[in-house]
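By convention in this document, chain letters (A, B, ...) are assigned in the order of the sequence lines, proteins followed by strands, and residues within each chain are numbered from 1. Just so it is clear, the structure is predicted and the values come from calculations on it, not from any experiment. Computed over heavy atoms, backbone and side chain alike; hydrogens, waters and symmetry mates excluded.
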There are 2 protein chains.
Amino acid sequence: MISKPPTIKQIAEQLKLSVSTVSRALHDHPGIGLTTRLKVQKLAKELNYEPNLTAVFLQQGKTNTIGVILPELSEHFFSAAVSAIEEMAYQRNYTVLIAQSHDDAEKEMALVEKMKNHRVDGLLVSLAKTTRSFEHFENLKRFNIPVVFFDRIPSIPGSHTVSCNIETGTTEAVTYLLKKGHRTIGMINGPESMLASNDRKHGYIEAMSKNRLKYDPSMIVNCDLSETGTRKALQQLLTHKRKVTAIVTFNDYIALFVVTALKALNQDVRDIDLISYANLPLISYLDHRPVASVEQFPFMQGQKATGILLDLLYNKNTQSADGGAIYKVVIESQLVEDSSLKKAIKVLK
Amino acid sequence: MISKPPTIKQIAEQLKLSVSTVSRALHDHPGIGLTTRLKVQKLAKELNYEPNLTAVFLQQGKTNTIGVILPELSEHFFSAAVSAIEEMAYQRNYTVLIAQSHDDAEKEMALVEKMKNHRVDGLLVSLAKTTRSFEHFENLKRFNIPVVFFDRIPSIPGSHTVSCNIETGTTEAVTYLLKKGHRTIGMINGPESMLASNDRKHGYIEAMSKNRLKYDPSMIVNCDLSETGTRKALQQLLTHKRKVTAIVTFNDYIALFVVTALKALNQDVRDIDLISYANLPLISYLDHRPVASVEQFPFMQGQKATGILLDLLYNKNTQSADGGAIYKVVIESQLVEDSSLKKAIKVLK
DNA sequence: TAATTTTACGCAAACGTTTGTGTAAACTTC
DNA sequence: GAAGTTTACACAAACGTTTGCGTAAAATTA
């Protein structure tokens, strides 16, 4: 009842041919006569022959597989990115091996090693928050396994990256608020240690200077991204001697926390305009939603990153001249006003 | 500069040993003397030796890999499930190969074939909406590749499944509304062709009969799950001669559509209580949110399904006696009131 | 028709492992 | 000290492919 999948060898025996002939026949090799070629292909179809990819992989030294390592699959930003990655990979006949680091640098290291042992042809990575050292990635270069980082990219030079320019989006956001008449604009930022926080801060400062306004450092408060941290940060802004009329929040979660906190304080939520960075698909359906969002295009980031990786793989095989080119794609983040924020929803579940 | 990963053969040559000895030494085989064993392991560490898994896979006839096929990764329900799957698989030293059917039965078929060729040890599947035939899955049995379906499960007997009992959850939901005093409870259901719609309908009817109330078929309207379809269905309920005071919607998306439509009609949203089936993480933050939700536990479904698959794989290897046992796990869906609906949010992006 | 080219296929190595079996040397036992 | 046992390793096959090379037979050429 239970049987092993048919092999080339079986076909060869049945037809009294050699395995090499069968292999070539199946690949339409010109050195094989038409009649035998057809005979082989006919039997192959009859037996439902399909090549054993594990054998092919070993023989070819490549697996047509790309590995994806990211912090958390259930986070919408990442699952959207993976969705794009898988789709593109599928079109180009690649398969996707997936793993989550859960923002743990050590696990990330172990995963890189595992991916290497699986002989993935290339790697797509969005870094864990705690990753400080990048040797395990450097290590891959020696084995000619290309890596493309997206969104959470490393600070080391020489790596291929796709990221979103948060800074310009932030400048846009603050400028938008200024145009709406706001003069005291607060920002609830992430931890100072995060690159992402820095980008937002610089974007803020840039907007002020562009509009010839004085930058007040106390308008930007850091927080640890927890709900209570957010509440504290908000408190700090609310008790500021200048009355804050708008707040740019680190992301949609923080915006949610702010709305919740304001309600808890019995403060009229409409007094304060919010702008955040889109990472929650449903945010536009909230009643006290941000007036605008800085869109980060997870889908596009996934696409671009995959495109680059496939390019690198292709060039690796064709030994192209531009062997050393470093890809650094920056997607401009974009301010999206609430009115156009609500996307067409497809019901998928 | 670019080098190939070290192999067992290289170690053997350097130490003037045979490959078999090296292999056994690395596996702590008792037949190898302590001194050589240590010598081998030392050199292996120095060279950063790691086994080439493609070779191991070919030799063992298994890959320690499980394939996951589902409709859409960017859909929260599925990404949550995959997250659980990956996590559990990782703990048991399995790797996850992932692919999306985009609800296309043909692509699903192709993916099954591809997974088979990749020699995944087992498969986790949530069916495409359009899947009608299951031969390609049956086919896997012949090759001893177990399949566990979750959430979107097939109607054929003899397959391992994990699913959520929507019916009882629906009964709970309707009963809950009845207890709140509602007497005319509408339901915006999915297409009649979907199993999921049937479950909801039966749950509704069950609740009515349990509470000795007459079931009015016109209270349940089908819709195609689009926004305009929802609007039409809603219209039908609103113009019903009996005044509908509560609606059970097919899922969170439909609830959203309903809220949007009511607002557009300038109808006070608070007049109508909504209950839906949770699949959107943010729903509890909406202002006019459902008063309760039927939770479907994507994470748990992923966990259970993976657990079963790993069990099957283990039993396959140990030739256990219960070879023919069919797993049918049904998770009771659960009505969650709004008050306890808001989950602790972890900021991950 | 003999020499040359072309056609159509087979042989065997290679990819990197694992594992059953064979066999010297070392060690036991009486 | 001979027979038997154990220890510690080597040999070689196997997993299912791909591919460089070799070689008969057939087809072409002169």
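Tyr49(A) places its OH atom 10 Å from the P atom of dG16(D), with the value rounded to the nearest Å. Remark: P of dT18(D) and CD1 of Ile11(A) are 11 Å apart, rounded to the nearest angstrom. Look at CG on Leu26(A): it is 15 Å from P on dG16(D), rounded to the nearest Å. The interatomic distance linking His29(B) (NE2) with dG20(C) (C1') rounds to 10 Å, in whole Å. Residue Asn52(B) contributes atom CG, which lies 6 Å from atom P of dT17(C) at whole-angstrom precision. In this structure, CG of Leu53(A) is placed 15 Å from C1' of dC15(C), rounded to the nearest angstrom. As rounded to whole Å, 13 Å separates atom P of dG16(C) from atom CD of Gln60(A). Rounding to whole angstrom units, CD of residue Glu50(A) and P of dT17(D) are separated by 11 Å.
Dashed line: the shortest gap from a side-chain N or O of Thr36(A) to OP1 or OP2 of dC9(C) is under 4.0 Å. Contact check, Lys4(A) against dC15(D): no side-chain N or O comes under 4.0 Å of OP1 or OP2. Distances shown here put every side-chain N or O of Thr7(B) at or beyond 4.0 Å from the OP1 or OP2 atom of dG16(C). Contact annotation: Lys16(A) does not reach the phosphate of dG10(C) (side-chain N/O to OP1 or OP2, under 4.0 Å).
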Do any N or O atoms of the protein come closer than 3.5 Å to N or O atoms of nucleotides 23-28 of chain D, and which pairs are they?
none

Mind listing the N/O atom pairs, protein and nucleotides 11-13 of chain C, below 3.5 Å?
residue : atom : partner  : partner atom : Å
dC11(C) : N4   : Ser20(A) : OG           : 2.8

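For the salt bridge (charged side-chain N to carboxylate O under 4.0 Å, His left out) test, residues two or more places apart in sequence or in another chain that qualify with Glu113(A) are Lys116(A). Listed by chain and residue number, Lys141(B) satisfy the salt bridge (charged side-chain N to carboxylate O under 4.0 Å, His left out) test with Glu138(B) (two or more places apart in sequence, or in another chain).
Each end of the helix from dT1(C)-dA30(D) to dC30(C)-dG1(D) yields a helix axis from five base pairs, and these two axes differ in direction by 40° (to the nearest 10 degrees).
Note on ring orientation: taking the six-membered ring where Trp is involved, the planes of Phe150(B) and Phe78(B) are perpendicular (angle over 60°, cut-offs 30° and 60°).
Just one residue in the list Val125(B), Thr161(B), Thr131(B) forms a side-chain contact (heavy atoms from CB on, under 4.5 Å) with Pro154(B), and that residue is Thr161(B).
In this structure, Lys328(A) places its NZ atom where more than 12 heavy-atom neighbours from other residues, nucleotides or ligands lie under 6.0 Å away. The 12-atom threshold is not exceeded at CG of Leu195(A), counting heavy atoms of other residues, nucleotides or ligands nearer than 6.0 Å.
Side-chain atoms of Asp121(B) never come within 3.5 Å of backbone atoms of Ile66(B) as a donor-acceptor pair (strictly under, hydrogens ignored). Between the side chain of Ser126(B) and the main chain of Asp151(B), no donor-acceptor pair closer than 3.5 Å is present.
Backbone-only contact: Leu17(A) has heavy atoms under 4.0 Å from sugar-phosphate atoms and none from a base. Nucleic acid contact for Gly31(A): base, since at least one base atom lies under 4.0 Å from a heavy atom of the residue.
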Determine whether Lys42(B) and Glu46(B) satisfy the following criterion, salt bridge (charged side-chain N to carboxylate O under 4.0 Å, His left out), listing intermediate values before the conclusion. CA-CA 6 Å; Lys42(B) 180 156 164 283; Glu46(B) 278 175 24; 3.4 Å; yes
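For residues 118-148 of chain B, the ring pair (Phe, Tyr, Trp, His ring centres under 6.0 Å) pairs, not counting sequence neighbours, are Phe57(A)-His118(B), Phe137(B)-Phe149(B).
With DNA chain D read from its 5' end, the first of the two nearest nucleotides for Leu34(B) and Leu58(B) is the one closest to Leu34(B).
Here the side chains of Ser83(A) and Glu72(B) are in contact, with some heavy-atom distance below 4.5 Å. You'll find the side chain of Leu43(B) stays beyond 4.5 Å of the side chain of Tyr49(B), heavy atoms only.
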